[in-house]
Protein chains: 2
Amino acid sequence: MKLPNNNMQKADGQAVPEPTLRRLPGYLSYFKSLKINNIEFVSSSQIAATFKMDATLVTKDLSYTGVKGRTKIGYSVDKLIENIVVFLDFNTQENAFLFGVGNLGKALINYDGLKQYGLKIVAGFDIDPAVIGLQVKEVKIFGVDDFRDLSRKTPARIGIITTPDHRAQETADLMVAWGIKAIWNFTPQSIKVPENIIVENTSIYSDLAVILNKLNR
Amino acid sequence: MKLPNNNMQKADGQAVPEPTLRRLPGYLSYFKSLKINNIEFVSSSQIAATFKMDATLVTKDLSYTGVKGRTKIGYSVDKLIENIVVFLDFNTQENAFLFGVGNLGKALINYDGLKQYGLKIVAGFDIDPAVIGLQVKEVKIFGVDDFRDLSRKTPARIGIITTPDHRAQETADLMVAWGIKAIWNFTPQSIKVPENIIVENTSIYSDLAVILNKLNR
DNA sequence: ATTAAATTGTTATTTTTTTAACAACTTAAT
DNA sequence: ATTAAGTTGTTAAAAAAATAACAATTTAAT
């Protein structure tokens, strides 16, 4: 329909279905592993079998990225990877501040994968004096007051909340005051922010709920 | 329609929409914070405003749990909490084995929240001799060989994969051989398992994709 | 060269999920 | 007591997403 068929170009105004958006990174990971195994082409039916889904849905998802397959051959793994990476903006590095350097926070900083997927945590923040001044991998941990200087050197549009639950709202408020545009909230707490601020909640409890439900059905 | 109106009883055969299932833990967290603030009643419109969603959808979601609201008063916070907890099986403790005691694995073990939501990690596993024998919080870390004994003492139906990506499949295979019924996969790798095994993938990359998309639109 | 099989990509249909509409009810104010 | 406002809960409609159907194409085999 209104899909852009100018190859390798992003559908900027076009809203991509969120389910599609959520599936694409999974495909990407799969394609990367195919590449490691020197597999050059893959068909939608193979992909569908791997993810236990309908092949049509796969082609639809992939078509959003502008990639073109070849009849009887399938899709080029290289092109798939390239198109998805570009489409999801995983190629342009986005800086992020992380607030709350506890277990989860440290795990995220140590998580190499994120960098590969377009996100670079450039600084950690905490209110615990015992943590401030430390360094986790290449990421230094700062106190709240150090923000001004830091933000001038390495500005960030994304703020990650990995604080204890009850500190989520105040942290969000702080981030908004700092000019953060998108908040990635890893606490189960729902946070209140101005209309124009993007919030994405990552709740492992939702996944847990799904597992328990399937298990006990 | 075919909703069970026998109060406080779970709709066992009835399939609950997964979106509903995913939203319930968020509500629950919110209700718990209301309770801490000594708020006894809450209306669907208040809940809807908090989560920026339609009030009708809230009532629908809540109705699945069998909770009943009072006109002009709203829902009892206590009853909401109780019904959601029961409905999601967060009250009956489910044991889990965790494989891959790296940063993320440790973070999950240290995460107190999980226990409160029905999941208890009873043992960690790793192939790194430097890690085997250690103890993270109350959770001991074992080698693969220790499984038999352990599984007799504290059986578990859920297996958590927090290994490096390229070890996901072999870990899954092992878990299936162990008799694990549901696998919670924290790697982006898609894993192949027998038909009857439940798999839930937690991919923070999906959330990241959504954030970047909104940010760059 | 011809044909058969496999595969993409599009359009149509069905299913699922969300939103809207509205009736019934209950509390609090007059 | 009466009324008005706010709220639940259900039914209907709309929107979104997934699946099915199928045409077009292209490769590989005969």
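Lettering of chains follows the sequences in order, A, B, ..., and the numbering in each one begins at 1. As a basis for the values below, the full set of heavy atoms in this structure was taken, side chains included, without hydrogen atoms, waters or symmetry mates.
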**OP:** Assign a letter to each nucleotide of nucleotides 23-30 of chain D from its 5' end: B, base within under 4.0 Å of a protein heavy atom; S, sugar-phosphate only; -, no contact.
**Re:** --BSB---
Subject >> Per-nucleotide protein contact string for nucleotides 15-21 of chain C, where B marks a base within reach and S marks sugar-phosphate only (heavy atoms under 4.0 Å, - for neither) >> reply: --SBBBB
Which residues share a side-chain hydrogen bond (donor to acceptor under 3.5 Å, both in side chains) with [X], sequence neighbours left out:
X	value
A/D112	A/K137
A/E40	none
B/S44	none
B/D54	B/T56

**OP:** Keeping to residues at least two apart or across chains, list the ring pair (Phe, Tyr, Trp, His ring centres under 6.0 Å) pairs with something in residues 101-120 of chain A.
**Re:**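 Found A/F90-A/Y117, A/Y117-B/Y205.
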**OP:** May I ask you to evaluate whether A/Y75 reaches the phosphate of C/dG9, defined as a side-chain N or O under 4.0 Å from OP1 or OP2?
**Re:**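 Answer is yes, contact under 4.0 Å.
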**OP:** Can you tell me which residue pairs pass the salt bridge (Lys or Arg N to Asp or Glu O under 4.0 Å) test with a partner in residues 201-212 of chain B, sequence neighbours excluded?
**Re:**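 Those involving residues 201-212 of chain B are A/R22-B/D207.
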**OP:** Tell me, please, which residues at least two apart from A/F186 pass ring-ring contact (aromatic ring centres under 6.0 Å, His included).
**Re:**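 Applying ring-ring contact (aromatic ring centres under 6.0 Å, His included) to A/F186 gives A/W184.
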Subject >> d(CZ, A/F41; C1', C/dT8) in whole Å >> reply: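 In whole Å, C/dT8 C1' and A/F41 CZ are 14 Å from each other.
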**OP:** Please state how far atom CD1 in A/I47 lies from atom C1' in C/dG9, giving the value in whole angstrom units.
**Re:**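 Between C1' of C/dG9 and CD1 of A/I47: 14 Å.
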Subject >> Non-neighbouring partners of B/A123 that pass side chain to side chain contact (heavy atoms under 4.5 Å, CB included), sequence neighbours left out >> reply: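 Listed in chain order: B/F97, B/F125, B/F142, B/L150.
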**OP:** Decide yes or no for B/P25 and B/L88: does some side-chain heavy atom of the first lie under 4.5 Å from some side-chain heavy atom of the second?
**Re:**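 B/P25 vs B/L88: side chains touch.
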Original post:
Is there a residue in residues 195-210 of chain A whose heavy atoms reach under 4.0 Å of DNA chain C, and which residues are they?
Top reply: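 Here the set is empty: none.
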Would you tabulate the side-chain donor-acceptor contacts of residues 171-179 of chain A under 3.5 Å, counting partners in other chains and residues two or more places apart, or write 'none'?
| unit_1 | atom_1 | unit_2 | atom_2 | d |
| --- | --- | --- | --- | --- |
| A/T171 | OG1 | A/R167 | O | 2.6 |
| A/D173 | OD1 | A/Q169 | NE2 | 2.8 |

